[in-house]
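This report refers to the structure that appears directly beneath it.
Within every chain, numbering begins at 1; the chains are lettered A, B, ... in the order of the sequence lines, protein sequences first and strands thereafter.
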Protein chains: 2
Amino acid sequence: MASDHTRSAILAAAERLYADRGFGDVTLRDIVAEANVNLAAVNYHFGSKDELIAELFVTRSIATNRERLRELKAAEEQGGGRAPIEVILRALVGPTLRGCLGPQNQRSTAARFMIRASIESVPPIRRIKNREIDHLRKFAGAMRRALPERSEVDIYWGLNFALAMAHHTIRESERLTKLSEGKCDLDDVEDVVARVVSVATMALTAGKVEAKPRALARDAR
Amino acid sequence: MASDHTRSAILAAAERLYADRGFGDVTLRDIVAEANVNLAAVNYHFGSKDELIAELFVTRSIATNRERLRELKAAEEQGGGRAPIEVILRALVGPTLRGCLGPQNQRSTAARFMIRASIESVPPIRRIKNREIDHLRKFAGAMRRALPERSEVDIYWGLNFALAMAHHTIRESERLTKLSEGKCDLDDVEDVVARVVSVATMALTAGKVEAKPRALARDAR
DNA sequence: TTGCAATTCAAACAGTTGTATGAAACTATC
DNA sequence: GATAGTTTCATACAACTGTTTGAATTGCAA
């Protein structure tokens, strides 16, 4: 029902503006101007500015999460309930990286929006991210099944580090490019995925984390 | 000259409030109320709100960077111009982690402020962070000297991943605690440092990153 | 003490923000 | 084609923001 036209025009304009200029300096007035609709339309259709942002983020976010789970489920089914750790990690970080990196000039608005969201972190988005724990638990479960001999703590640390490398690389992609003077090619997404997965796998499978090698620190002093 | 009292009262109050409630909802009026000074004092002593935030961040930031370089220099001198990679990495991530983690109830205001700064990322702080590249280059140089047979690209990726693990762990420490139901002990800072250093070292020293193991992805489909 | 600069203060300013209102325009159903 | 419900619109609102102003006060030197 209803033409829906105004609603989606707002969503599109907001995503574009937020992606380009960040949440900080885009006002509702900017958005309605870009969308060619009336100022009051935002509150009419979304209730508030925060709910608009939340809807934008949730839409993209569940798309990524669905893809993640799809890959995970496929892998576990093929392996009879147990998937190789590399494949699990690839399902965890692949969709996010693919959704946010890739050749700059062909990055979708959605991708650029998600990068913004991971850099700026405004309240409505932070609230949503906090609800992501249940989703991550599914990966923790799969990882435990893949590495039953590994301690739970190590599993969680491995999961944490995998997400760390993926998200940080997205957040700081510009800086890494500058620091490496272009030598790190962030457009080759599959190479980035491979690197993250490879390191995370090592973290999770390497011989037991040796008991706190503090000796090293002492040597350094 | 001058009593300086007002100035430091503002700095202290601002750091406390920002640490507790974030940059988003702390106004100049909140700060001057907490500091028991006049509203105009902020602009008089700092020029603007952004400059106040910048000074707060810069102070803590150069303290950390100095500590990093001190550790790095000590290590390289002891090794005759070449330090073990673990020690370099420890110098890179140790000071930051020690400055931000540790038992919650004994975290300094400064530590809590820096955590905020790494979570919320406001414009004045982002501007400063962007100038950190020269500082990181020094570590990249040391790492190249430590691993001369390694390609530059791999060095930069290793550096990136080390910072990723450290910063993400700080940013998301609450979530990791919740996800792991307290099993990951973020109060044991030296253990966290050891884990990050250990994984980053593996990333940098493991046999050449095998040429894009895309086969794995294909298997998973 | 006098004079001068540095500091503090209350008050106002200027601008922006997200949101609410109530009338107008539209749409579809009977 | 009247009616009821939805959507759009111009406009106003109310609150809050960082910043400025100019007068008062303070501190220090001559």
(request) Note the angle between the end axes of the helix from C:dT1-D:dA30 to C:dC30-D:dG1, five pairs defining each, rounded to 10 degrees. (result) 0°
In whole Å, I'd like the distance from the [atom1] atom of [X] to the [atom2] atom of [N].
{"X": "A:N43", "N": "C:dT17", "atom1": "CG", "atom2": "C1'", "result": "12 Å"}
{"X": "A:D50", "N": "C:dG18", "atom1": "CG", "atom2": "C1'", "result": "10 Å"}
{"X": "B:H45", "N": "D:dG18", "atom1": "NE2", "atom2": "C1'", "result": "17 Å"}
{"X": "A:R7", "N": "D:dT6", "atom1": "CZ", "atom2": "P", "result": "16 Å"}
{"X": "A:L28", "N": "D:dA12", "atom1": "CG", "atom2": "P", "result": "19 Å"}
{"X": "B:D4", "N": "D:dG27", "atom1": "CG", "atom2": "C1'", "result": "15 Å"}
{"X": "B:L39", "N": "D:dT19", "atom1": "CG", "atom2": "P", "result": "10 Å"}
{"X": "B:I10", "N": "D:dG18", "atom1": "CD1", "atom2": "C1'", "result": "14 Å"}

(message) If we count only N and O atoms by modelled type, under 3.5 Å, do the side chains of A:E174 and A:T177 hold a donor and an acceptor together?
(response) no
(message) For a quick check under 3.5 Å, do B:T64 and B:E67 share a side-chain donor-acceptor pair by atom type?
(response) no
(message) Within the structure provided, determine whether B:E120 and A:V122 are in side-chain contact (heavy-atom separation under 4.5 Å).
(response) no
(request) Report yes if the side chains of A:L52 and A:I10 come closer than 4.5 Å at any heavy-atom pair, otherwise no. (result) yes
(request) Could you say whether A:D30 or A:G47 is positioned toward the 5' end of DNA chain C, judged by the nucleotide with the nearest heavy atom to each? (result) A:D30
(request) Using heavy atoms to find the nearest nucleotide of DNA chain C for A:D25 and A:N38 separately, return the residue whose nucleotide is more 5′. (result) A:D25
(message) Rounded to the nearest 0.5 Å, what separates atom CG in A:L163 from atom CG in A:L159?
(response) 5.0 Å
OP1, OP2 of [N] versus side-chain N and O of [X]: anything below 4.0 Å?
{"X": "A:T6", "N": "D:dT7", "value": "no"}
{"X": "B:T27", "N": "D:dC16", "value": "no"}
{"X": "B:H5", "N": "C:dT8", "value": "no"}

(request) Look at the side chain of A:K49 and decide which nucleotide, out of D:dT19, C:dT8, C:dT19, has an atom nearest to it. (result) C:dT19
(message) Among D:dT7, C:dG18, D:dT19, which nucleotide has an atom closest to any side-chain atom of A:R29?
(response) C:dG18
(message) Both A:Y44 and A:A40 contact DNA chain D. Which one's nearest nucleotide lies toward the 5' end?
(response) A:Y44
(message) For the aromatic rings, using the six-membered ring if either is Trp, is the centroid distance between B:F113 and B:F23 under 6.0 Å?
(response) yes
(request) With sequence neighbours excluded, tell me which residues meet side chain to side chain donor-acceptor pair (under 3.5 Å) with B:R144. (result) B:E152
